[in-house]
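Following: one structure in structure tokens, then a few remarks.
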Number of protein chains: 2
Amino acid sequence: MSALADPTRRAIFERLVDGPKAVGQLAEGLPVSRPAVSQHLKVLREAGLVVDRAVGTRRVYQLNPAGLGALRAWLDRFWDQALAAFTAAAESEGKHEHD
Amino acid sequence: MSALADPTRRAIFERLVDGPKAVGQLAEGLPVSRPAVSQHLKVLREAGLVVDRAVGTRRVYQLNPAGLGALRAWLDRFWDQALAAFTAAAESEGKHEHD
DNA sequence: CACTTACGTAAGTTACGACTTACGGATGGC
DNA sequence: GCCATCCGTAAGTCGTAACTTACGTAAGTG
């Protein structure tokens, strides 16, 4: 969750939606240096949001659906309970009006 | 998205899942001061994740399903494309093996 | 109408994270 | 084997956000 907090990291993440890319490719369209991108990718990798593999001298990164799935599951857990709690609160409000 | 980056803010968020709570109630179980909680709630409110209303002298906060829904929609947009890109990459890998 | 309760905001400090430059290691080409 | 390419990591700087204490304000209580 906190892995997607930084705007630059989100930009990298969004760029990877189009498909796997090398570090240099990712850094090319961003306003930060290549080492900075490397550091961001490390965070994303440790968060399970991307996976990497070596291809010759370069390192290709791509999104990890499992990581996204975990995030979705986490969010859904809130979603259900939040809606229930919200509805309950709304009904409680209605009762007060009815008094 | 960045609103849920801070651990303390996530703790507040999770506590609100059980239902609406006042600022003092929220601060009670947290290792930070009450003003700190107020500041966090301001961030969450501006992010559209919670709504607040005055009840007597206290201010009750609760989750905003609309905000959660927006987050879910944002995430789902990635989910679909990420899965497609991942599948495509996997197939491309399979072809190489087949060579 | 004093007093208490509950909260938001201002000001200031501090810790953390994002970034840069510099360097070293691994792979490919000729 | 030698040079070029591509990348990760280390060290250091700097901005920002998270936290504290102090204060002011609005609403209940007797």
Side-chain angles (χ1 to χ4, degrees), chain A residues 1-16 18-64 67 71 89 92-93 96-97 99, chain B residues 1-16 18-64 67 71 89 93 96 99:
Chain A
M1 194 81 231
S2 52
L4 289 177
D6 184 73
T8 302
R9 218 139 53 208
R10 276 202 298 274
I12 294 175
F13 196 70
E14 299 197 7
R15 269 183 151 257
L16 282 177
D18 298 334
K21 282 185 180 51
V23 180
Q25 282 182 303
L26 289 169
E28 204 166 337
L30 294 172
V32 295
S33 67
R34 186 194 50 74
V37 174
S38 267
Q39 292 166 2
H40 282 305
L41 286 169
K42 183 179 182 181
V43 176
L44 290 174
R45 172 162 33 91
E46 288 176 348
L49 291 172
V50 301
V51 291
D52 62 326
R53 63 202 151 98
V55 176
T57 116
R58 39 194 142 180
R59 194 150 270 267
V60 175
Y61 285 79
Q62 68 176 338
L63 295 185
N64 181 15
L71 221 67
S92 171
E93 275 292 308
H96 280 261
E97 278 181 10
D99 267 347
Chain B
M1 194 78 230
S2 51
L4 289 177
D6 185 72
T8 302
R9 217 140 52 208
R10 275 201 299 274
I12 294 174
F13 196 70
E14 299 196 6
R15 268 181 153 261
L16 282 178
D18 298 334
K21 283 184 180 47
V23 180
Q25 282 182 302
L26 289 169
E28 205 166 336
L30 294 173
V32 295
S33 68
R34 186 194 50 74
V37 175
S38 265
Q39 291 166 4
H40 282 304
L41 285 169
K42 182 179 182 182
V43 175
L44 290 173
R45 172 163 33 92
E46 288 176 349
L49 291 172
V50 301
V51 292
D52 64 325
R53 64 203 150 97
V55 175
T57 114
R58 38 195 146 175
R59 191 151 273 268
V60 175
Y61 285 79
Q62 68 176 337
L63 295 185
N64 182 14
L71 221 66
E93 275 291 308
H96 280 262
D99 268 348

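All heavy atoms count here, side chains included; hydrogens, waters and symmetry mates do not. Letters A, B, ... are given to chains in the order of the sequence lines, protein chains preceding strands, and every chain is numbered from 1.
Rounding to whole angstrom units, CG of residue Leu44(A) and P of dG8(D) are separated by 12 Å. Atom CG in Leu41(A) sits about 14 Å away from atom C1' in dA18(C), given to the nearest Å. The distance from atom CG of Asp6(A) to atom C1' of dG15(D) is 13 Å, rounded to the nearest whole Å. In this entry the distance linking NE2 of His40(A) with C1' of dT20(C) reads 12 Å, nearest Å. Between the CD1 atom of Ile12(B) and the C1' atom of dA18(D) there is a distance of 11 Å, given to the nearest Å. In this entry the distance linking NZ of Lys42(B) with C1' of dT9(C) reads 8 Å, nearest Å. In this structure, the CZ atom of Arg34(A) is 12 Å from the P atom of dT21(C), given to the nearest Å. Remark: P of dC7(D) and CD of Gln25(A) are 8 Å apart, rounded to the nearest angstrom.
For Val32(A), counting side-chain heavy atoms from C-beta on, the closest listed nucleotide (dC7(C), dG8(D), dT20(C)) is dT20(C). The side chain of Ala36(A) approaches dT20(C) more closely than any other nucleotide in the set dC7(D), dT20(C), dG8(C). Among the nucleotides dG8(C), dA6(C), dT9(D), the one closest to any side-chain atom of Thr57(B) is dA6(C). Nearest nucleotide to the Gln39(B) side chain, out of dC19(D), dC19(C), dG8(C): dC19(D).
A donor-acceptor pair is defined here as one N or O able to donate and one able to accept, closer than 3.5 Å; such a pair exists between the side chain of Arg10(B) and the backbone of Ala5(B). Asn64(B) contributes a side-chain N or O that, together with a main-chain N or O of Gly48(B), makes up a donor-acceptor pair within less than 3.5 Å.
Residue contacts for Arg45(A): at a heavy-atom cut-off of 4.0 Å it reaches no nucleic acid atom on any strand shown. Residue Ala54(A) is classed as having no contact, given no heavy-atom separation below 4.0 Å to the nucleic acid.
Within the 4.5 Å cutoff, the side chain of Arg58(B) has no heavy atoms near those of the Val23(B) side chain. At a threshold of 4.5 Å between non-hydrogen side-chain atoms, the residues Leu4(A) and Leu71(A) count as touching.
Residue whose closest nucleotide on DNA chain C sits further toward the 5' end, between Arg58(B) and Ser2(A): Arg58(B). For the pair Ala5(A) and Pro35(A), both in contact range of DNA chain C, the more 5′-proximal nearest nucleotide belongs to Ala5(A).
Distances shown here put every side-chain N or O of Arg59(A) at or beyond 4.0 Å from the OP1 or OP2 atom of dA26(C). OP1 or OP2 of dA6(C) has not a single side-chain nitrogen or oxygen of Tyr61(B) nearer than 4.0 Å. Side-chain N/O atoms of Ser33(A) include one lying less than 4.0 angstrom from OP1 or OP2 on dT20(C). For dT9(D), neither phosphate oxygen OP1 nor OP2 lies less than 4.0 angstrom from any side-chain nitrogen or oxygen of Ser38(A).
Taking each heavy atom of Ala11(A) and Leu30(A) in turn, the nearest pair found is CB-CD2, 3.9 Å.
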